[in-house]
Amino acid sequence: MTNKFKEFPGTPLSEGDFKEGKILFYHDQMKADFAWDTGVAIGSYLAALKEGYLLGGYCQTCRKTVIPPRTVCEWCFRPMDSYVRLEDTGTVNTFSLCYVTWDVKRIKEPELPAVIEIDGASPLHGIMHKLGEVDPEDVHIGMRVRAVWKPPDEREGAITDILYFKPFKEGES
Amino acid sequence: MAMRKVAVVGAGMTKFVRRAQETGKELAWHASRMALESCEMTLDDIEAVCLGTAPDSFDGVHMKAEYLSDGAGAWGKPFMRSYVGGGTGVFTPIQGWYHVASGLFDAVLVVCEEKMSSYYPHGQAAFMTIFDHTTERPLKPNLLWIFAMEMNRYMHTYGISKKDIAQVAVKNKRNAADHPCALLGDPEITVEDVLNSEVLAWPVNRLDVSPVSDGAVALVLAAEHVAKRITDKPVWIQGVGWNLDTAYWTNRELAYPRYVEYAARMAYEMAGIKEPRKEIHIVEPYDPFDYKECHHLEGLLLADRGQAPQLLADGVTLRDGAMPVCPSGGLLGVGNPIAAAGLMKVAELYWQLRGEAGARQVPGQPKRGLAQAWGDLMQVGTVIILGTNP
Ligand SMILES: [Zn+2]
């Protein structure tokens with residue numbers, strides 16, 4: 001560093017300084033409630049999930065099928081031409097075995113998030129979801145998976161209408 | 001384009017710590033004051049202030065720029081915060097650069113601050129809000145997921161092992177042992193330590209990740225006629241670039257950061273660099289995770305695809321190698337107060353190119369360095385090139 005500075009500012013505190021009340025602090029929680037509009041394209045996507053299928057969008061100019069669907073094609077900036085019904089099967093593009101929850105709690109059985117390339121969408125076009133009914137040791141990139149749906153009367157038009165994706169062999173229903 | 005030359009003429013930083021007693025304002029002020037003192041300037045000499053800080057959700061403070069403004073010396077001056085996620089720390093000096101290059105201002109203070117510790121009990125949970133509220137958040141995603149999945153895709157695509165990548169964490173934490181502000185410098189750390197650390201989200205172990213931290217960094221930028229009056233060793237901003245990839249991060253190849261390549265090409269063109277591997281002497285790529293250093297070196301065209309780990313195995317990226325990478329110790333070693341961490345990399349180039357990096361000084365009188373940061377949903381690339389020649 002510049003030779004003028006031998007000491008650098010900043011005073012480290014430890015968790016103990018808070019617990020033992022060695023410093024003053026103010027603790028409060030914010031409660032923040034929101035109701036997000038789904039919008040046009042995602043509204044159609046959620047309606048399809050409620051019906052038990054995956055919906056994509058197609059741009060004729062770019063010849064791309066994307067998921068989730070959207071109203072504008074970001075490559076050519078034209079409106080998407082149509083919605084297309086896609087398979088509820090796909091291929092694991094990548095995955096993790098996660099031992100930490102979103103709010104940093106440790107868990108023994110890992111969550112299995114994955115990016116799943118959906119059959120019928122353009123190559124590399126997938127969604128993030130979770131894997132299930134599989135030994136974490138057996139999960140691999142390239143694994144073929146199929147959606148496991150909630151029963152129809154329990155679906156509410158949400159991404160969680162798919163419980164998870166599970167492995168299957170071609171030819172099995 | 002008729003643009004003026006711009007130099008970095010001063011720099012300052014606080015220690016990076018897990019929790020600072022100082023508020024964000026106080027950290028910003030310490031770094032700003034140090035930057036000004038380093039070049040014997042006062043706030044009266046500064047015509048505009050550029051501030052970088054990451055999401056308001058960390059602090060629970062709305063309009064953080066205005067909240068931080070007194071510490072950043074912004075009162076009564078043209079002032080604006082820029083924010084591009086983790087890319088902010090390298091974007092903010094780019095904002096400062098165009099303030100001066102345009103002719104609008106002769107001297108600008110660039111301040112980046114982050115206080116991640118206020119979010120309780122751990123800043124990680126604040127990242128939930130970066131995911132799409134309707135299609136992703138109901139799955140309760142964790143920020144680690146996307147990094148772990150990108151790392152897995154990178155390893156799978158090129159056949160790279162966790163051990164190859166763990167070497168990066170070892171290099172950077174060892175380099176950081178020579179940084180007076182570092183949180184996690186460790187001269188003794190080994191690859192086994194990294195591989196045996198707790199598995200958070202396979203393939204990511206605890207020591208593959210940089211720690212959340214508090215800290216601030218500041219730079220003073222000046223137009224040529226002012227810079228030459230202030231110092232006989234100005235460090236010139238030779239090129240800048242930035243680029244954005246699709247927000248639909250599950251709709252693209254994760255193994256290669258093309259947005260980093262586009263940002264780098266913009267900066268290389270501006271700097272007149274034809275052969276970056278020969279013309280860049282020091283690299284400070286963004287390393288919040290060890291694989292990201294490799295990923296980014298490839299996007300910067302400084303390593304062939306899938307070959308960045310080999311450069312380290314060959315010793316090329318060590319501090320005394322042919323192309324030192326993260327001689328500062330990087331985010332893995334110095335710490336990761338997001339926006340401040342990016343600007344720390346630019347400050348490191350400034351000190352290295354002036355020969356003032358002390359125990360961290362790379363040998364051979366380097367003439368040119370590149371710093372890069374990256375952020376949002378793995379989609380933003382920001383690049384700056386500094387050199388001893390205007
Ligand atoms: Zn199109």
Side-chain angles (χ1 to χ4, degrees), chain A residues 1-15 17-18 23 27-30 34 36 38-39 42 45-46 66-68 70 74 93-104 106 110-111 113-117 121-122 124-130 136 140-142 158-160, chain B residues 11-22 27 30-31 34 37-38 60 117 120-122 124-125 128 133-136 138-146 148-150 152-153 156 180-181 198-204 214-216 246 248-254 351 354 356-358:
Chain A
M1 324 298 250
T2 66
N3 302 328
K4 293 172 193 164
F5 297 101
K6 301 288 176 223
E7 290 295 318
F8 291 83
T11 312
L13 295 178
S14 72
E15 188 66 26
D17 294 328
F18 286 74
I23 55 150
H27 189 114
D28 194 14
Q29 287 186 318
M30 283 194 297
F34 299 87
W36 287 294
T38 61
I42 295 298
Y45 182 59
L46 299 184
V66 301
I67 180 169
R70 53 212 72 164
E74 64 185 313
N93 168 287
T94 185
F95 66 94
S96 169
L97 316 178
C98 191
Y99 296 87
V100 183
T101 61
W102 73 275
D103 54 351
V104 203
R106 299 297 198 266
E111 290 187 294
V115 174
I116 298 149
E117 293 179 41
S122 297
L124 290 173
H125 283 245
I127 60 170
M128 179 173 77
H129 215 291
K130 292 199 239 181
H140 57 275
I141 290 174
I159 190 64
T160 45
Chain B
M13 77 181 284
T14 67
K15 289 183 191 123
F16 286 3
V17 297
R18 173 64 186 86
R19 269 172 192 279
Q21 183 176 20
E22 290 80 3
L27 292 169
H30 278 300
M34 188 189 273
E37 280 182 10
S38 77
S117 62
Y120 212 76
H122 196 287
Q124 171 80 257
M128 169 69 108
H133 49 63
T134 303
T135 60
E136 294 180 331
L139 300 169
K140 296 273 183 270
N142 176 335
L143 190 71
L144 287 166
W145 286 13
I146 56 173
M149 290 196 281
E150 191 179 66
N152 191 9
R153 183 80 189 167
H156 174 83
C181 299
E198 181 190 8
V199 180
L200 299 176
W202 186 90
V204 172
D214 296 351
T246 175
Y248 296 94
W249 64 276
T250 60
N251 282 192
R252 59 182 166 85
E253 179 52 73
L254 297 174
W351 286 314
R354 282 167 64 100
E356 292 176 346

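Order of the sequence lines fixes the chain letters, A, B, ..., with proteins taken first and strands second; residue numbering starts at 1 for each chain.
In terms of heavy-atom pairs under 4.5 angstrom with chain B, the leader among A:Ile127, A:Ile23, A:Leu46 is A:Ile127. Contact count against chain A (heavy-atom pairs under 4.5 Å) is highest for B:Pro141 among B:Ala31, B:Pro141, B:Gly60. By number of non-hydrogen pairs under 4.5 angstrom with chain A, the leading residue of B:Trp145, B:Trp249, B:Phe16 is B:Trp145. When each of A:Ser122, A:Ser96, A:Ser14 is checked for heavy-atom pairs under 4.5 Å with chain B, A:Ser96 comes out on top. Annotation: maximal heavy-atom pairing with chain B below 4.5 Å, among A:Ala114, A:Ala158, A:Gly142, A:Ala121, occurs at A:Ala114. Contacts with chain B were tallied for A:Thr101, A:Thr94, A:Val104; A:Thr94 has the most, counting heavy-atom pairs under 4.5 Å.
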Applying side-chain contact (heavy atoms from CB on, under 4.5 Å) to A:His129 and B:Leu139, what does each step give before you reach the verdict? CA-CA 7 Å; A:His129 215 291; B:Leu139 300 169; 3.5 Å; yes
Carefully, step by step, assess A:Glu74 and B:Thr246 under the rule side-chain hydrogen bond (donor to acceptor under 3.5 Å, both in side chains). CA-CA 8 Å; A:Glu74 64 185 313; B:Thr246 175; 2.5 Å; yes
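Ring to ring, A:His27 and B:Tyr120 are close: their centroids are under 6.0 angstrom apart.
For a residue to count as touching a neighbouring chain, one of its non-hydrogen atoms must lie under 4.5 Å from one of that chain's; by this rule B:Leu254 touches chain A with the side chain only. Neither the backbone nor the side chain of A:Asp28 has a heavy atom closer than 4.5 Å to any heavy atom of chain B. Proximity to chain B involves both the backbone and the side chain of A:Met128, based on heavy atoms less than 4.5 angstrom apart. For a residue to count as touching a neighbouring chain, one of its non-hydrogen atoms must lie under 4.5 Å from one of that chain's; by this rule A:Val115 touches chain B with backbone and side chain alike. The contact between B:Glu198 and chain A is made entirely by side chain atoms (from C-beta outward), counting heavy-atom distances below 4.5 Å. With a threshold of 4.5 angstrom between heavy atoms, B:Leu200 approaches chain A through its backbone and through its side chain. Using a 4.5 Å cut-off between heavy atoms, A:Phe34 makes no contact with chain B at all.
Looking at heavy atoms from C-beta onward, A:Pro113 lies in side-chain contact with B:Met149 at the 4.5 angstrom threshold. Between A:Leu124 and B:Asn251 there is no side-chain heavy-atom pair separated by less than 4.5 Å. Considering only heavy atoms from C-beta on, B:Glu22 stays 4.5 Å or farther from A:Pro9 through its side chain. Taking 4.5 Å as the limit, every side-chain heavy atom of A:Phe8 sits out of range of all side-chain heavy atoms of B:Thr14. Within the 4.5 Å cutoff, the side chain of B:Tyr248 has heavy atoms near those of the A:Pro68 side chain.
By the ring-ring contact (aromatic ring centres under 6.0 Å, His included) test, A:His125 pairs with no residue at all, sequence neighbours left out.
Here the straight-line distance linking atom CG of A:Asp103 with atom CE of B:Met128 works out to 8.0 Å at 0.5 Å rounding. The structure places CG of B:Asn142 at 7.5 Å from CD of A:Glu111, a figure rounded to the nearest 0.5 Å. Between the CG atom in B:Asp214 and the OG1 atom in A:Thr11 there is a gap of 11.0 Å [rounded to 0.5 Å]. For the atom pair A:Ile141 CD1 and B:His156 NE2, the distance stands at 4.5 Å (nearest 0.5 Å). Note that CD1 of A:Ile42 is 7.0 Å distant from OG1 of B:Thr134, once rounded to the nearest 0.5 Å. The line from CG of B:Asn152 to NE2 of A:His140 is 12.0 Å long, rounded to the nearest 0.5 Å.
Here the closest non-hydrogen pair linking B:Pro138 and A:Thr160 is O-CG2, 3.7 Å.
Note on A:Glu15 versus B:Arg18: no salt bridge recorded, every NZ/NE/NH1/NH2 to OD/OE distance being 4.0 Å or above.
A cation-pi arrangement is absent between B:Arg153 and A:Phe95, since the terminal nitrogen or guanidinium carbon is not both under 6.0 Å from the aromatic centre and inside a 45° cone about the axis.
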